[in-house]
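Chain letters run A, B, ... following the sequence lines, proteins first and then strands; every chain starts at 1. None of these values were measured; they are calculated from a predicted model.
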Amino acid sequence: WLFLICCTLLDYRWEEERYTDGSKWRFLEHKGPVMAAPYEPLPSNVRFSYDGKSMKLSLGAEEVATFFAKMLDHEYTTKEIFQKNFFNDWRKEMTSEERAKITDLKKCNFNEMAEYFKAQSEARKAMTKEDKLVTENERLLQEYGFCIMDNHKERIANFRIEPPGLFRGRGDHPKMGMLKRRIRPEDIIINCSKDSKHPKPPPGTKWKEVRHDNKVTWLVSWTENIQGSIKYIMLNPSSRIKGEKDWQKYETARNLKKCVERLRHQYREDWKSKEMKIRQRAVALYFIDKLALRAGNEKEEGESADTVGCCSLRVEHINLHAEKDGQEFVVEFDFLGKDSIRYYNKVPVEKRVFKNLQLFMENKQPEDDLFDRLNTSILNKHLQELMDGLTAKVFRTYNASITLQQQLKELTNPDENLPAKILSYNRANRAVAILCNHQRAAPKTFEKSMQNLQAKIDAKKDQLAEAKRDLKGAKADLKVRRDEKSKKALESKKKAVERVEEQLMKLEVQATDREENKQIALGTSKLNYLDPRISVAWCKKWGIPIEKIYNKTQREKFAWAIDMADEDFEF
DNA sequence: GGCGCCACTTAGAAGGTGGGCT
DNA sequence: AGCCCACCTTCTAAGTGGCGCC
């Protein structure tokens, strides 16, 4: 019945049957991708120079060099691997004459080209002010940004094709600097209904393929040339197909809630197992549950940065301390996780876990796998047996959401005003972000903007002191004069003090919030891990406008939850 | 049981924008 | 009016996990 309510609220009706016949959609029509603007050669007065001599490049070579010129001031273009990969790929694009001539990147000078692109970007900015670009963007959005799926007009997420450029990657990526090829219509696979109008390729070109596969949700795909992986154009999070999946994800996490105690009991038992494989599985699961670690699939060496998750942890990533800072059995984690974000944590664990870890590490080199008898596939197969739909990532969703709910209960003070309640929400959100290790680089202007805010607070304090002095004066006046006028004056001074106090408090809350948030990213957990119904219920319970918690895009994504949850919702 | 392939979710950075303050 | 900063959008890389095959 929940499903029914949800579908009705989303304006999709049960009678459409599409949910029971296994297919994802009945009808899909769209316009295909917006292809990147065609390559325009540089004006002839913009020079590239080699070994001090000015020269003109062939079209392919010029396009590659252009990307380097655009990135000239980035820190990573100075990296050796980046330069090596860039130069290697550039030489592939050169004519044989160019290849014979241009043999040393150090002799290349892109400064004039870089200047030219800087000027172009300035010009673009100016154009934005005149709204020409805005209008063009709006036109593209209206024409290509939507599709029809099962009679509903749905927003497409990424309808612009990825432009060519130099691949960066995150962290120490072995492929940084390689040329990311321009995508051509001949690379594109279109997916739509047989009975729909086919998207048209640009004049004079052909799509690679047009297919009609309603078991998948993507509209367009192509194979990218750096890793050879497939990229997709899919629907916006506000779409039915994404919303339903999102809701399903949280329902699975709520199912875990019902049996998590049983599972915890089980893996604690397994710590004592005679089988090494089972012990490893149980310890890994303990980490995933307690620390919200990711599963940790194996990765191909040399294809991407060296990062790990739980199952792929190596001996070198943990340190065992029988005693540390007054605590017993401390495990010190230090490794690079997804996006090469560092995970550093010192965690006291139970003695049995500690002893097991010692056992797993016996006779191993630092670069050996900690859980040598385990991988994500084994772990997930086990989890599937414990609960329908359970996989390692469900623990992250479950623990994130349950933490938010608990923290909100704990931190919300009914007597506090709106800004204070929102601070509490942000703190609860922050607890989750810390659990999930969602970090960000501290904003470059952080110190400065913090100082500015502090100056504002000081000024406000002075103002408050002054207002209080005035109030005192008004009180004295009233005592002496005892007339209507001074009574009114006193009232207005009282109001003024209250107003300034409130302003000061607002500023102080802002400062606390900002300081605590310096290196923590709240967005990822809010968007991907926290059951939105918890937040909706909290807002309803305390009379907080939902707009204070979710912006427009987020409200669209979570429309299902906003309609579904009342203030009694329990995750 | 391992591998390759595929589809989909999750991730932080960069860039854009708009509202508040001086 | 202009500037600054916080918030928002866009971008696309980097994960997870299922499936089929050998």
Side-chain angles (χ1 to χ4, degrees), chain A residues 24 74 76 121 124-125 128-129 131 133-134 137 141 145 157-163 165 167-171 173 175-176 180 189 191 213 215-218 221 223-224 226-237 241-242 245-246 248-249 288 294-300 303-305 307-312 336-341 373 375-381 383-384 389-397 400 433 436-441 443-446 448-450 452-453 456 459 510 513-514 517 519-529 550-554:
Chain A
K24 301 251 182 178
H74 283 228
Y76 54 84
S121 120
R124 226 182 353 256
K125 255 187 215 152
T128 313
K129 280 189 185 132
D131 281 0
L133 272 186
V134 174
N137 276 340
L141 172 67
N158 53 329
F159 55 92
R160 270 174 255 258
I161 210 78
E162 294 176 17
F167 180 79
R168 173 59 183 95
R170 313 269 168 93
H173 198 115
K175 300 196 170 188
M176 65 168 80
K180 186 170 127 167
I189 302 173
N191 193 29
D213 181 357
K215 300 290 189 289
V216 297
T217 70
W218 54 267
S221 76
T223 301
E224 152 271 346
I226 303 285
Q227 333 249 12
S229 65
I230 306 168
K231 299 246 182 170
Y232 304 94
I233 290 183
M234 289 184 188
L235 295 190
N236 201 59
I241 215 156
K242 295 284 185 193
K245 270 228 143 176
D246 208 32
Q248 220 175 64
K249 173 182 80 186
I288 285 172
R294 294 189 185 82
N297 283 313
E298 296 102 298
K299 302 171 69 179
E300 237 179 293
E303 288 296 299
S304 58
T307 62
V308 296
C310 185
C311 293
S312 51
L336 296 183
K338 182 177 179 180
D339 293 318
S340 294
I341 297 292
R373 310 278 172 91
N375 61 36
T376 52
S377 157
I378 295 170
L379 180 64
N380 281 334
K381 259 180 206 144
L383 292 177
Q384 191 58 245
L390 187 62
T391 62
K393 85 199 261 289
V394 178
F395 280 87
R396 248 167 104 80
T397 312
C436 294
N437 199 228
H438 291 142
Q439 298 188 33
R440 61 167 186 174
K444 285 190 183 94
T445 54
F446 184 84
K448 203 185 132 224
S449 78
M450 213 58 206
N452 288 349
L453 191 57
K456 263 191 200 169
Q510 201 187 350
D513 218 20
R514 198 189 289 178
N517 239 11
Q519 296 188 71
I520 298 166
L522 299 185
T524 304
S525 50
K526 203 173 184 180
L527 235 45
N528 300 302
Y529 287 103
Y550 291 137
N551 68 33
K552 186 166 149 283
T553 315
Q554 291 164 339

Contact pattern, 5' to 3', of nucleotides 12-22 of chain C - B, S or - by protein heavy atom under 4.0 Å: SSBSBBS----

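Using a 4.0 Å heavy-atom distance criterion, A:Ile341 is classed as a sugar-phosphate-only contact. At a threshold of 4.0 angstrom between heavy atoms, the contacts of A:Lys526 with the nucleic acid are absent. Residue contacts for A:Ser377: at a heavy-atom cut-off of 4.0 Å it reaches no nucleic acid atom on any strand shown.
For B:dA7, the OP1/OP2 oxygens have no side-chain nitrogen or oxygen of A:Thr217 closer than 4.0 Å.
Rounded to whole Å, the distance from CG on A:Leu379 to P on B:dG1 is 15 Å. The separation between A:Leu522 atom CG and C:dC7 atom C1' is 12 Å, rounded to whole Å.
Judged by distance alone, with hydrogens and angles left aside, the side-chain atoms of A:Gln519 form no donor-acceptor pair with the main-chain N or O of A:Gln439 at under 3.5 Å.
Taking every side-chain heavy atom of A:Ala441 into account, B:dA13 is the closest of C:dC8, B:dT9, B:dA13. When distances are taken from the side chain of A:Arg396 to each of B:dA11, C:dT9, B:dA7, the shortest belongs to B:dA11.
For DNA chain B, runs of at least 3 consecutive pairs of the Watson-Crick or G-U wobble type, with both hydrogen-bonding distances under 3.5 angstrom, map to B:1-22 with C:1-22.
You'll find the side chain of A:Gln554 reaches within 4.5 Å of the side chain of A:Leu527, heavy atoms only. Proximity of A:Arg294 to A:Cys310: side-chain heavy atoms (C-beta onward) are nowhere separated by under 4.5 Å.
Both A:Asn375 and A:Cys436 sit near DNA chain B, but only A:Asn375 has its closest nucleotide nearer the 5' end.
Taking the side chain to side chain donor-acceptor pair (under 3.5 Å) definition, one finds that A:Lys338 meets it with nothing, sequence neighbours left out.
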